[in-house]
Number of protein chains: 2
Amino acid sequence: MREAQDDEVFPESAQPGSEPVQSATDSVTSPDLKRLIDDFSAEYEDSLISFRRKLHAGPELSFQEFATTDAVAERLTQAGLSTHRLPSGTGLFCDIGVAGTRVALRADLDALAMPDGKAVPYRSQNDGVAHACGHDVHTSIVLGAALVLSRLSEMGLLPGQLRVIFEPGEEQVPGGAVEVVELGLLRDIAMVFAVHCDPKLDVGVVGSRVGPITSAADRVEVTLHGPGGHTARPNLTVDLVALMARLIQELPDKLEARLGGPQNCRMVFGAAHAGDAVNVIPATAVVGGSLRTPDLVAWDSAPRALTESLEEILGDSGASWEVIHVRGVPPVTNDSGAAEIAAQCVQDLLGQDALVKTEHSWGGDSFGWMTKETRGAFLRLGTHDPKQDTRLDLHHRQFDVAEEAILIGVRLLCRTAVSALSELQESSSR
Amino acid sequence: MREAQDDEVFPESAQPGSEPVQSATDSVTSPDLKRLIDDFSAEYEDSLISFRRKLHAGPELSFQEFATTDAVAERLTQAGLSTHRLPSGTGLFCDIGVAGTRVALRADLDALAMPDGKAVPYRSQNDGVAHACGHDVHTSIVLGAALVLSRLSEMGLLPGQLRVIFEPGEEQVPGGAVEVVELGLLRDIAMVFAVHCDPKLDVGVVGSRVGPITSAADRVEVTLHGPGGHTARPNLTVDLVALMARLIQELPDKLEARLGGPQNCRMVFGAAHAGDAVNVIPATAVVGGSLRTPDLVAWDSAPRALTESLEEILGDSGASWEVIHVRGVPPVTNDSGAAEIAAQCVQDLLGQDALVKTEHSWGGDSFGWMTKETRGAFLRLGTHDPKQDTRLDLHHRQFDVAEEAILIGVRLLCRTAVSALSELQESSSR
């Protein structure tokens, strides 16, 4: 059973006008530094929009982001920076600054295996591959932030060090973030930040929350085996289609009972297959679904909860069974300190009302591997053009963004990185 | 969704030693006539066994029984009888006698699409086709009865007329019996009789009952349509796999409630298919199963009960649906008078204990079209060799019979036909 490439972050209830996140601290970045960031960012806007359109027209699938990696590396090298390609062949990182606390910004490079249904000049030229999840935008924003902050660094104005990470294969489970973590690239990072396009929010609005903001998403596949038989005589065998139906109906409740209730656990089936003929009771049935939780503790308990629940449902049925439980990504969990710094920067840059609190989503993002490793925050960057009537979801074949979001993203990540560095330096020197 | 060729009659609880059917009337056939029948039958035994083995080695699928039809016609023609091939190309009937009440004997000609797993010299020479349902035996028995009774007729000893019907395509729904009925071949038939091999009964034992002895078996296929979506967000769409599971679980109960309880209705699913990916909620789901009832009244109500039950389960679900309800065969319903005549002949021929009462089976047989048209009885002819330890069910790839059952079958059907004719003549002249 395949897994579609669509475990993106996807907020359900984030809407402009939701309750603003309160931020207690003031920005620690001086007005001059902020003005410098904003001005430098503006200088790059046109070239970043061009860059984004180039990526959009040449999307690449997970772990095949060769041209994308080359394009990012070329642009960083032109700016005098040293880039490091990941050993697996795609993805890269780049360090800026020479001493002090280090924070990281993360982008993801890959596109989706789906057609691009738009008519714009920059539509995908690669048949069946499209940047319908906004990773082209994320990459352009983090590239822009690197260019801006490297200039600050050259001017001696960066209060620490910055690492920019361009992660390959985010759309695959468990995602290129695993390689990033295994290489130790998060080891000396005090805080890590990322943005994700959110077409449910207007451009100029940013969503955030403290705690889990995406979910763990595991893949669960159960195969049932029975003796098979004739539909005239279910009493002589195991009625496997009925048993499969019972499993589909009961497993979600059993898991919820073990993992903290429906707020904490969502088991939903995407596929169920049994039998070929209407009058033959089949000997095999297969069901597959995703088991999601925003709670790291529940995620750790999931394998045992699954085994126990299956035993409870199927134990006396007369059927035998096998289960495949593929662990997905952990939930992205926003650290309160990191989220607060980012929230303050959102309000400082875009106004008090620009910050909205979102619910956690039941989707996953491989950035969860990074927030499991160090403190971090994941921000939902509004990309909807309010002049457009329709809001096209992520993964829609006509998905596109209001490109003003790129400049906003660059300014926001630069300010957030500088603010985090300043605050971390300050608190370590207190 | 295909339908396997296995809606055979298949008793569940018929066992030697069950309660004997009481028969009030005495045989109306004289001892001399019975002796003549038994002696003539014995003369044909060897050639009928050879004939059966020839059919067994050359099995033909439903409505392709050309060689089988030819073989039966040739044998009847050799005996001086006129045969009539059915207009559809296979199957035939033959009339014996010139005046008076008419009864019919019915055999079925077709084999199953399955391999013959036996090592005997007469194993199937047609790859993937096998007489695993005993129709070769039924055909040989009715052929033998025609040969014996035509000799009685020539001698002026047949108290009426006989029609032998060799039905094609019994294994298909709705079966060649529909053509037989539509041709009017049952119109002037006072009673019709048939035997079916029963490997659950020892050879020399015969099962019967008054009322339904097989079930109607309809084919039901329901397709569900929803908007589809992501397994992270079942709340934004219709969770179609869960809905399919609910349908599988609830439909049997709803139908039973409308059609007279579990004794009267059996809805069992053979197939259920939805979705391709574990993390995508599918937009389509299909389930298929068989809806069985031994009750003609319930069978007539089934289409409405199905429509109402689906509306009740799916009405508020947000999904749309289509249902395909293919009417199968009606239940074979044994007329009390016809069953009594046959039962008396069983006990007279084989002894009091040779007759066992069976429960109705949940399988179907196209002979139901004939007992819907006229009075009739369907007898389960024991074919198990008591020297064998294992009982191989009908449709088993090694299915075979104790060939003594052929002579028993010929004698029983001849005696039953003559007895029925005598009794019917007598009652009409009373």
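Numbered from 1 within each chain, the chains take letters A, B, ... in sequence-line order. Atom set for the values below is all heavy atoms of this structure, side chains included, hydrogens, waters and symmetry mates excluded.
When all heavy atoms are compared, the tightest approach of A/Gly270 to B/Pro282 is O-CD, 3.3 Å. Summarising the geometry of A/Ala232 relative to B/Gly363, their closest heavy-atom pair is CB-N, 3.9 Å, with the distance given to 0.1 Å. Closest of all the heavy-atom pairs between A/Met244 and B/Ala272 is CE-CB, 3.6 Å.
Results of the side chain to side chain contact (heavy atoms under 4.5 Å, CB included) test with B/Phe269 over A/Val278, A/Asn279, A/Val241 single out A/Val241 as the only residue that passes.
The residue among B/Ala242, B/Gly228, B/Ala245 with the most heavy atom pairs within less than 4.5 Å of chain A is B/Ala245.
With no hydrogens or angles considered, a side-chain donor-acceptor pair links A/Arg266 and B/Asn235 at under 3.5 Å.
For B/Met267, no part lies near chain A; criterion is any non-hydrogen pair under 4.5 Å.
Side chain of A/His273 to backbone of B/Gly275: a donor-acceptor contact under 3.5 angstrom is found.
Annotation: salt bridge (charged side-chain N to carboxylate O under 4.0 Å, His left out) contacts of B/Asp110 (sequence neighbours excluded): none.
Contact residues of residues 247-260 of chain A toward chain B are A/Ile248, A/Gln249 (heavy-atom distance under 4.5 Å).
Residues A/Thr231 and B/Arg292 are in side-chain contact: their nearest non-hydrogen atoms beyond the backbone lie under 4.5 Å apart.
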